[in-house]
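For reference, the structure discussed in these notes is given below.
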There are 2 protein chains.
Amino acid sequence: MDPIYRTDRATLYAGDALSILPTLPADSVDLVLVDPPYNSGGRTMSDRTTYSARDKYVSGDAATAQTLADFAGDNRDQRSYTYWLTRQLAESLRTAREGASCLVFTDWRQLPATSDALQAAGWTWRGIITWHKPVARPRQGGFTAACEYVLWGAHGPIDGRRNPVYLPGLYSASQPRGKKRRHITQKPIELLAELVKVAPPGGTVLDWCAGSGSTGVAALGSGRRFIGAEVTAAYAAIAAERLAEAEASD
Amino acid sequence: MDPIYRTDRATLYAGDALSILPTLPADSVDLVLVDPPYNSGGRTMSDRTTYSARDKYVSGDAATAQTLADFAGDNRDQRSYTYWLTRQLAESLRTAREGASCLVFTDWRQLPATSDALQAAGWTWRGIITWHKPVARPRQGGFTAACEYVLWGAHGPIDGRRNPVYLPGLYSASQPRGKKRRHITQKPIELLAELVKVAPPGGTVLDWCAGSGSTGVAALGSGRRFIGAEVTAAYAAIAAERLAEAEASD
DNA sequence: CCTCTCGATGAATCCATCT
DNA sequence: AAGATGGATTCATCGAGAG
């Protein structure tokens, strides 16, 4: 499959992860950084399967005000989520260099299933990075869901001297708002720019859930190379546009 | 079994949780707040089983300088940890009022197993509270394990109007040091004092892994009642002493 | 350019009502 | 009786616009 965007430092495919991953060379990637659909909104099966991701996650007035496109793949139950994620992560492992890392975003509800998938795919689980969102909806009589999590896995032992960074285990950052927001579940660039530091400078970052391309923007901005894939055509186009902007602004 | 400490507001037993829980009345507890042994130090089976908890968790000079007593129950593998915790949490559920909460401390490694046990025991999983430890050992080439986690479960629906608090999902607090430290894995009082707020004022807090009694100190200091149990005799004595101090200082 | 006020927002959740 | 639907709720934070 031909990429829809390609330069020396960045490649972006519009397509499914499982059709693109096998075409990548083995032992070539330094960091797999993905934000898969969490598949966790809604209490009942029909909540999960019937509604679109937008109806599930964008609430109140915002639901009518927002003009962001919907995204695909948010309709699996927990078993199939685990199965699906395991396959993708196993394919990713093949492309990863010895000592490479894997970072997977998840919410509290899917954290255990995500850790199962990470390990079943052959990665060694190394820890949890906590992302604190300062703006969270309060909850009467209990605790707010103020954090999302990033599971950290590694392909074999990590040689600390190869990339001697000391990274924190907690980050606080707000979701992009207003004009900067191009995707319903967009992650803040500051956060991604920090996560990308587990890959050595000049190393390659892979994201097969590219969405609006934030991971790529962060990778390029931090002096890493980027390979991305995104299924939803509308978002792939936005991602290509943002990658071009990022490279132009260097 | 007779308590080793008893007042109007606090009761402490020196003994195993499973011999004490069945003696407590049903539907009487508003919050079960426990910090079970994580059973996760050491990578190999023999690390877990051979070494004492003190050797695993107290490193370097601290191990020789400190004279903290060892604690029991830190030698299970993950399967038996889940099984053991499920039994304890199921017994706890019986003592819990409708709408009561359960908070269980865990580290990242045991988080999935702990969520399994919580749900297998019949509690509804409601979220994860993150405890950030500002002073954590850095790790070359990767992310620091800067956080521990508290899993939140509930016994049936929570009536927010009964205890209309709005609690955050992230707390930052340092482990007690120096003379204030009476237990190897002691939790900060400030943190426990916040967690205890999910129980209504005057409500009852139960901790069957009382350790040096911090949960009781926090509960009494925040105007809640306390029921505790601790297996290790040395710690039960310390806990009784600290409960008495807490009640005297009111 | 900085400070202040004002208003909009949230990878939700709860509950009553309807099918 | 169980599942589906729709509307109300909540406040710390952040962006925008005014002073």
Side-chain angles (χ1 to χ4, degrees), chain A residues 34-78 81 85 104-111 113-114 130-151 171-192 209 211-212 214-215 232 235, chain B residues 98-99 101 124-130 152-154 156-172 194 198:
Chain A
V34 283
D35 178 22
Y38 297 170
N39 288 285
S40 61
R43 275 170 308 173
T44 64
M45 178 85 73
S46 89
D47 277 355
R48 272 193 307 271
T49 53
T50 315
Y51 298 146
S52 76
R54 230 183 66 182
D55 292 343
K56 276 191 287 192
Y57 301 128
V58 183
S59 61
D61 296 341
T64 50
Q66 296 269 2
T67 51
L68 301 171
D70 215 335
F71 64 88
D74 203 64
N75 46 10
R76 299 178 181 91
D77 70 12
Q78 198 167 64
Y81 170 77
L85 189 58
V104 188
F105 276 87
T106 181
D107 68 351
W108 65 270
R109 219 180 280 264
Q110 295 289 49
L111 198 158
T114 307
T130 303
W131 167 34
H132 173 239
K133 299 180 287 183
V135 184
R137 183 171 282 143
R139 182 173 186 172
Q140 194 181 49
F143 301 90
T144 308
C147 299
E148 288 184 31
Y149 303 92
V150 183
L151 297 197
Y171 295 95
S172 195
S174 289
Q175 248 200 339
R177 304 175 131 218
K179 272 191 297 181
K180 283 189 213 158
R181 198 182 188 204
R182 311 293 295 272
H183 190 280
I184 302 176
T185 67
Q186 190 170 332
K187 301 293 174 280
I189 293 283
E190 321 89 83
L191 172 63
L192 297 168
C209 275
S212 55
S214 303
T215 303
T232 306
Y235 284 122
Chain B
E98 184 80 8
S101 285
T124 308
W125 190 19
R126 304 299 295 272
I128 301 177
I129 300 137
T130 302
W152 176 33
I158 290 177
D159 182 0
R161 286 158 303 183
R162 186 161 170 247
N163 182 30
V165 288
Y166 293 89
L167 301 168
L170 172 75
Y171 296 96
S172 197
E194 290 296 315
V198 259

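Convention: sequence-line order gives letters A, B, ...; per-chain numbering from 1.
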Pair of N/O donor and acceptor under 3.5 Å linking C:dA11 base with A:Asn39 side chain: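 Checked by distance alone, the answer is no.
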Gap between atoms [atom1] and [atom2], on [X] and [N] respectively (whole Å):
X: A:Tyr57; N: C:dA11; atom1: OH; atom2: C1'; answer: 5 Å
X: A:Leu68; N: C:dG10; atom1: CG; atom2: C1'; answer: 13 Å
X: A:Phe143; N: D:dC11; atom1: CZ; atom2: P; answer: 17 Å
X: B:Tyr166; N: D:dC11; atom1: OH; atom2: C1'; answer: 9 Å
X: B:Asn163; N: D:dT10; atom1: CG; atom2: P; answer: 15 Å
X: A:Lys187; N: C:dG10; atom1: NZ; atom2: C1'; answer: 13 Å
X: A:Gln110; N: C:dA12; atom1: CD; atom2: P; answer: 11 Å
X: A:Trp131; N: C:dG10; atom1: CH2; atom2: P; answer: 13 Å

A:Gln186 side chain to A:Lys180 main-chain N or O, any donor-acceptor pair under 3.5 Å? yes
Give me the distances for all protein-to-nucleotides 12-18 of chain D N/O pairs that come in under 3.5 Å?
residue	atom	partner	partner atom	Å
D:dC14	OP1	A:Ser174	OG	2.8

By salt bridge (Lys or Arg N to Asp or Glu O under 4.0 Å), A:Asp70 pairs with (sequence neighbours left out) none
Would you classify B:Pro168 as touching base, sugar-phosphate or nothing, given that sugar-phosphate means primed atoms plus P, OP1 and OP2, and contacts are heavy atoms under 4.0 Å?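 Nothing: the residue B:Pro168, judged by heavy atoms under 4.0 Å, touches no strand.
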So, do A:Tyr38 and C:dA11 meet the stacking rule of ring centres under 5.5 Å and planes under 30°? yes
I need the minimum non-hydrogen distance between A:Arg109 and A:Gln78, along with the two atoms involved.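 Shortest heavy-atom separation between A:Arg109 and A:Gln78 comes out as O-NE2, 3.7 Å.
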Is the A:Trp108 ring parallel, tilted or perpendicular to the B:Trp125 ring (thresholds 30°, 60°)?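 Perpendicular, since the angle between the ring planes exceeds 60°.
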Would you call A:Phe105 and A:Leu191 a side-chain contact if the rule is heavy atoms closer than 4.5 Å? yes
With heavy-atom distances below 4.5 Å as the criterion, would you say the side chains of A:Tyr235 and A:His183 are in contact?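 With C-beta onward as the side chain, the pair touches.
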Here's a test of your reading of the structure: between B:Asp159 and A:Pro36, which maps to the more 5' nucleotide of DNA chain C?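 The 5'-side residue here is A:Pro36.
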Comparing B:Ile158 and A:Phe105 on DNA chain C - which has the more 5′ nearest nucleotide: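 Between the two, 5'-proximity favours A:Phe105.
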Taking only N and O in the side chain of A:Arg181, is any of them less than 4.0 Å away from OP1 or OP2 of C:dG10?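 True: A:Arg181 side-chain N/O within range (under 4.0 Å) of C:dG10 OP1/OP2.
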Using OP1 and OP2 only, check whether a side-chain N or O of A:Gln175 sits under 4.0 Å from C:dT9.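 Result: no.
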Choosing from C:dA11, D:dC11, C:dT13, which nucleotide comes nearest the side chain of A:Arg139? C:dT13
Starting from the C-alpha separation in whole Å, work towards a yes-or-no answer on side chain to side chain donor-acceptor pair (under 3.5 Å) for A:Tyr149 and B:Thr130. CA-CA 10 Å; A:Tyr149 303 92; B:Thr130 302; 2.9 Å; yes
For DNA chain C, what is the dot-bracket line, given that a base pair needs Watson-Crick (N1 to N3, plus N6-O4 or O6-N4) or G-U wobble (N1-O2 and O6-N3) geometry with both distances under 3.5 Å, and | means paired with another strand? .|||||||||.||||||||
Which is it for A:Thr114 and A:Tyr81 under the side chain to side chain donor-acceptor pair (under 3.5 Å) test, yes or no, and what are the steps along the way? CA-CA 8 Å; A:Thr114 307; A:Tyr81 170 77; 3.0 Å; yes
So among A:Arg76, A:Gln110, A:Glu148, which one has a side-chain hydrogen bond (donor to acceptor under 3.5 Å, both in side chains) with A:Tyr38?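 The option that passes is A:Glu148.
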Separation between CD1 of B:Ile129 and CG of B:Leu170, rounded to the nearest 0.5 Å: 10.5 Å
